[in-house]
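Worksheet: one structure, shown below.
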Amino acid sequence: AGPRVSEAVNTKLGDADSIGREITFIGKGNKVRVVPMSAKIHHAISDYLKVRRSDSTYLFVGRTGDKLHRSTVNKLCSKFSEDIEPHKLRHFFCTRALEVGYSLAEVAYMAGHSNVRTTTGYLHASRKEMIEKADRL
């Protein structure tokens, strides 16, 4: 769903609405945004909640059952891949959302960007797409 690491680790159990398939994030400046959950995210969270063993109000917890810390997320990414970092996952989400047809405004909202110009950094024009568009002129 493209959250910042700090937004993900601060997500509460009640912020993930499985019926409406939406998740609420509290972003920079305490701005609230409600983002749709894809079927994959919905199923992953549902599966996770079946095995989650904690009374914490936070959605993501560590081994001790306490709120997951952002440094733990970074360590887990490093443990399983030299290339994957939390911000690269966010970048991938924004880029992919634009590729599948979300508008710049929609991606800016989902990413919590206060300025759409920030989101334009995730636009990557493909040579093939540009040739196809040129042919349609």
Side-chain angles (χ1 to χ4, degrees):
R4 296 172 178 92
V5 176
S6 59
E7 295 168 346
V9 298
N10 286 311
T11 301
K12 304 275 183 116
L13 278 169
D15 294 337
D17 176 5
S18 62
I19 295 169
R21 278 191 34 201
E22 297 175 326
I23 190 160
T24 302
F25 295 115
I26 310 296
K28 291 181 177 181
N30 288 322
K31 291 182 186 172
V32 176
R33 67 183 191 282
V34 180
V35 178
M37 276 193 272
S38 69
K40 288 180 184 179
I41 293 171
H42 177 257
H43 291 301
I45 290 175
S46 295
D47 290 347
Y48 164 70
L49 291 175
K50 289 175 188 172
V51 298
R52 181 182 180 273
R53 303 285 180 248
S54 175
D55 292 331
S56 174
T57 59
Y58 290 95
L59 178 60
F60 301 110
V61 295
R63 280 186 240 184
T64 61
D66 295 328
K67 172 183 160 183
L68 192 63
H69 195 272
R70 64 180 297 134
S71 64
T72 305
V73 175
N74 291 325
K75 288 175 188 174
L76 285 169
C77 285
S78 297
K79 179 179 176 181
F80 293 105
S81 173
E82 292 178 10
D83 298 322
I84 295 176
E85 300 165 1
H87 190 74
K88 284 184 181 179
L89 294 173
R90 179 172 159 80
H91 187 95
F92 175 80
F93 170 80
C94 292
T95 300
R96 191 72 186 115
L98 290 165
E99 289 173 353
V100 300
Y102 277 95
S103 70
L104 270 172
E106 290 169 327
V107 176
Y109 173 77
M110 290 189 297
H113 295 153
S114 58
N115 190 323
V116 176
R117 284 189 294 174
T118 304
T119 313
T120 60
Y122 297 102
L123 284 171
H124 302 290
S126 91
R127 185 172 176 81
K128 179 183 171 194
E129 288 174 352
M130 288 175 38
I131 290 170
E132 289 171 0
K133 289 175 183 174
D135 288 341
R136 291 189 297 224
L137 287 174

Kindly determine whether Ile26 and Val32 satisfy side chain to side chain contact (heavy atoms under 4.5 Å, CB included), including the steps that lead there.
CA-CA 5 Å; Ile26 310 296; Val32 176; 3.5 Å; yes

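- Atom CD1 of Ile84 has 12 or fewer heavy atoms from other residues, nucleotides or ligands within 6.0 Å.
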Give the intermediate values and the outcome of side chain to side chain contact (heavy atoms under 4.5 Å, CB included) for residues Asp15 and Leu59.
CA-CA 8 Å; Asp15 294 337; Leu59 178 60; over 6 Å; no

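- Taken together through direct or relayed side-chain contacts under 4.5 Å among Ile, Leu, Val, Met, Phe, Trp and Tyr, Phe93 and Phe25 form part of one hydrophobic cluster.
- Summarising the geometry of Ala1 relative to Val35, their closest heavy-atom pair is O-CG1, 4.0 Å, with the distance given to 0.1 Å.
- With a 6.0 Å radius and a threshold of 12 heavy atoms from other residues, nucleotides or ligands, Lys88 has its NZ atom above the threshold.
- Criterion: ILVMFWY side-chain heavy atoms under 4.5 Å apart, direct or through other members. Under it, Val5 and Ile41 are part of a common hydrophobic cluster.
- There is no path of hydrophobic side-chain contacts, each under 4.5 Å, that joins Leu89 to Leu98.
- Here side-chain hydrogen bond (donor to acceptor under 3.5 Å, both in side chains) pairs that include residues 43-62, with residues two or more places apart or in two chains, number zero.
- Leu137 CG to Glu132 CD: the interatomic distance, rounded to the nearest 0.5 Å, is 12.5 Å.
- Taking both residues in full, the closest heavy atoms of Val107 and Ala97 are given as CG2-CB, 3.7 Å, listed atom of the first, atom of the second, then distance.
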Give the C-alpha distance, both sets of side-chain angles, the deciding distance and a yes or no for side chain to side chain contact (heavy atoms under 4.5 Å, CB included) between Arg96 and Val100.
CA-CA 6 Å; Arg96 191 72 186 115; Val100 300; 3.6 Å; yes

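- A donor-acceptor distance shorter than 3.5 angstrom exists from the side chain of Thr11 to the backbone of Ala8, with no hydrogens or angles considered.
- Residue pairs that meet the side-chain hydrogen bond (donor to acceptor under 3.5 Å, both in side chains) test with at least one member in residues 65-81, sequence neighbours left out, are Asn10-Lys67, Thr64-Asp66, His69-Ser71.
- A single hydrophobic cluster is seen to contain both Tyr109 and Tyr122, as judged by linkage of ILVMFWY side chains at heavy-atom distances under 4.5 Å, directly or through other members.
- When atom types are taken as modelled, the side chain of His42 and the backbone of Ser18 share a donor-acceptor pair closer than 3.5 angstrom.
- Residues Val34 and Ile45 fall within the same hydrophobic cluster, defined by Ile, Leu, Val, Met, Phe, Trp and Tyr side chains chained together at heavy-atom separations under 4.5 Å.
- Atom CZ of residue Arg90 and atom OG1 of residue Thr95 lie 11.0 Å apart, to the nearest 0.5 angstrom.
- Listed here is the closest heavy atom pair of Met110 and Arg33: O-NE, 2.7 Å.
- Contact of the Arg127 side chain with the Ile131 side chain is registered, since non-hydrogen atoms from C-beta on lie closer than 4.5 Å.
- In this structure a side-chain-to-backbone donor-acceptor pair under 3.5 Å is missing from Lys31 to Gly112.
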